[in-house]
Amino acid sequence: MVMMSPSATPGETQAEPASHRPQAVLFLLISYLLWGSVSLRWVMEFIEQQHPLTWLITAILLVFGLLLGLEPWITRGIGWRAHLYLVFQVGLVFAASLFFYELDFFALLYIPLCAQAMFLFPRRLGMLWVGILIAITFVGQVVQFGWPQALPFQLLYIAGLVFVSAYTALTLQAQESRRQSEKLLEELQQAHKQLQDYAQQAEELAAARERNRLARDLHDSVAQTLYGLMLEAEAAARHLAAGQASTAADSLQTIRQSAHQTLQETRLLIFELLPPEIEKEGLANALRARLQAVEGRSGIKTRLDIAETPGLTPQRAAVLYRIAQEALNNSLKHARAGQVSVTLRLEKDRIVLEIEDNGVGFDPSLAAGTGGMGLKNMQARAGQIGARLLVRSSPGRGALVRVEAPR
């Protein structure tokens with residue numbers, strides 16, 4: 001069978017989707033069962049009554065059954081052929097009914113035509129054909145039996161036509177819904193794959209940005225310091241060759257201090273290459289790992305004091321860790337601190353994080369104005385969780401970074 005697309009004109013059809021063919025085959029089998037039952041009943045009537053038009057009616061039934069199976073090839077892709085097919089088949093059934101009065105069972109052959117009309121056309125046009133078949137059934141029964149004697153037969157066959165038409169329409173609707181669901185599932189799978197690709201690209205981009213940042217840090221800190229060490233070493237060698245031992249000792253002291261600073265920054269970069277996973281390890285373990293791996297190995301005294309903080313989600317913990325990391329980086333790179341403490345505690349309705357060092361300190365107003373010390377980054381991160389950032393420091397008095405986040 002063929003089926004018109006919803007947007008097709010009455011003169012155009014399109015081949016039925018493969019997903020509809022199992023239903024069409026099932027209806028065809030049922031149609032042949034009906035045709036077979038009508039034909040068998042006719043044979044029994046013929047044997048009993050010896051009707052003079054026996055061979056004509058027999059030929060009508062054979063032609064009807066043949067066309068019933070050839071319908072997919074007859075109506076292939078052309079709308080007017082489908083209409084012509086139904087007109088011809090209806091004419092055969094109506095003629096058989098008129099040639100042999102008081103044999104109502106020929107009206108059963110309108111039932112497979114109803115199913116075919118629903119398969120061949122869009123719903124509205126198919127229902128129009130069903131209405132035509134109902135009208136022809138009504139008229140045929142009146143012609144055969146008269147009124148109101150035809151009423152019981154009319155109700156019986158019209159109910160059959162309506163039932164088959166409705167069932168066919170529901171079957172096609174369910175098939176179409178399943179097809180749309182499969183199409184939607186395929187689109188969702190494609191969208192999911194695209195999102196995975198985008199996520200991978202974003203991850204690769206983030207990794208590239210991180211590599212670029214580390215490369216800049218290596219160039220700006222370690223590489224520059226190593227170059228300065230080389231120059232100081234050459235200067236110390238010249239001083240020793242000239243017999244200037246005290247000047248050479250000053251150069252060696254400078255080399256020692258620069259090497260120590262370079263070692264600290266190298267440990268920091270190594271740690272940042274493999275940062276802790278906050279959601280898995282927790283805030284306390286992440287901060288402890290940072291202090292042990294960087295500050296502790298650099299000879300800086302560390303203290304970590306974290307109290308129970310109910311209500312601290314992994315997302316907020318990650319933000320607090322990034323702020324602490326930025327503050328610790330400032331202490332390591334600029335403060336020349338000998339001691340660093342990190343505290344996390346509850347105060348009434350807020351969570352308080354403090355990072356304090358005993359370094360050289362700085363002027364917060366100047367740092368904020370120039371965007372230095374990572375203050376803008378810390379302020380932005382604090383804003384993500386509705387927290388307030390406070391920075392207290394002055395030259396020679398160390399620094400305190402305090403974050404107050406609502407519980």
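Atom set for the values below is all heavy atoms of this structure, side chains included, hydrogens, waters and symmetry mates excluded.
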Nearest-0.5 Å distance that lies between atom [atom1] in [X] and atom [atom2] in [Y]:
X: Trp73; Y: Leu70; atom1: CH2; atom2: CG; answer: 7.0 Å
X: Arg336; Y: Asp357; atom1: CZ; atom2: CG; answer: 11.5 Å
X: Ile60; Y: Ser39; atom1: CD1; atom2: OG; answer: 11.5 Å
X: Thr137; Y: Phe94; atom1: OG1; atom2: CZ; answer: 9.5 Å
X: Thr75; Y: Leu86; atom1: OG1; atom2: CG; answer: 8.5 Å
X: Arg322; Y: Arg381; atom1: CZ; atom2: CZ; answer: 6.5 Å

Please determine whether a side-chain nitrogen of the Lys or Arg among [X] and [Y] lies less than 4.0 Å from a carboxylate oxygen of the Asp or Glu.
X: Glu347; Y: Arg350; value: yes
X: Arg402; Y: Glu356; value: no
X: Glu354; Y: Arg345; value: yes

Measure the shortest side-chain to side-chain distance between [X] and [Y] over non-hydrogen atoms and say whether it is less than 4.5 angstrom.
X: Glu295; Y: Leu328; result: yes
X: Phe64; Y: Leu113; result: yes
X: Val342; Y: Arg303; result: no
X: Glu71; Y: Gln116; result: yes
X: Val63; Y: Phe88; result: yes
X: Leu332; Y: Ile300; result: yes
X: Leu375; Y: Val391; result: yes
X: Leu62; Y: Leu66; result: no

Between Gln180 and Glu176, do the side chains contain a donor N or O and an acceptor N or O under 3.5 Å apart?
yes
No-hydrogen, no-angle side-chain donor-acceptor test under 3.5 Å, Asn285 and Arg290
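Their side chains do not contain a donor-acceptor pair, so the 3.5 Å distance test is not met.
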Would Gln89 and Tyr85 satisfy side-chain contact (heavy atoms from CB on, under 4.5 Å), going step by step from the backbone distance to the final call?
CA-CA 6 Å; Gln89 290 284 71; Tyr85 163 81; 3.4 Å; yes
Minimum heavy-atom distance between [X] and [Y], given as atom pair plus value:
X: Asn358; Y: Gly338; result: OD1-N, 3.0 Å
X: Leu68; Y: Tyr32; result: C-OH, 4.0 Å
X: Ala117; Y: Trp129; result: CB-CB, 3.8 Å
X: Val403; Y: Leu320; result: CG1-CD2, 4.0 Å
X: Leu61; Y: Trp35; result: O-NE1, 2.7 Å
X: Leu283; Y: Ala317; result: CD1-O, 3.6 Å

Verify side-chain contact (heavy atoms from CB on, under 4.5 Å) between Val90 and Leu133, making sure each step is shown before the conclusion.
CA-CA 8 Å; Val90 169; Leu133 292 173; 3.3 Å; yes
Could you go through the side-chain contact (heavy atoms from CB on, under 4.5 Å) check for Gln190 and Glu186 one step at a time?
CA-CA 6 Å; Gln190 293 177 353; Glu186 183 180 355; 3.6 Å; yes
Any chance you could lay out the side-chain contact (heavy atoms from CB on, under 4.5 Å) test for Met118 and Leu125, step after step, and finish with the verdict?
CA-CA 8 Å; Met118 297 303 296; Leu125 188 55; over 6 Å; no
Sub-3.5 Å donor-acceptor pair from the side chain of Thr302 to the main-chain atoms of Leu291, do we have one?
no
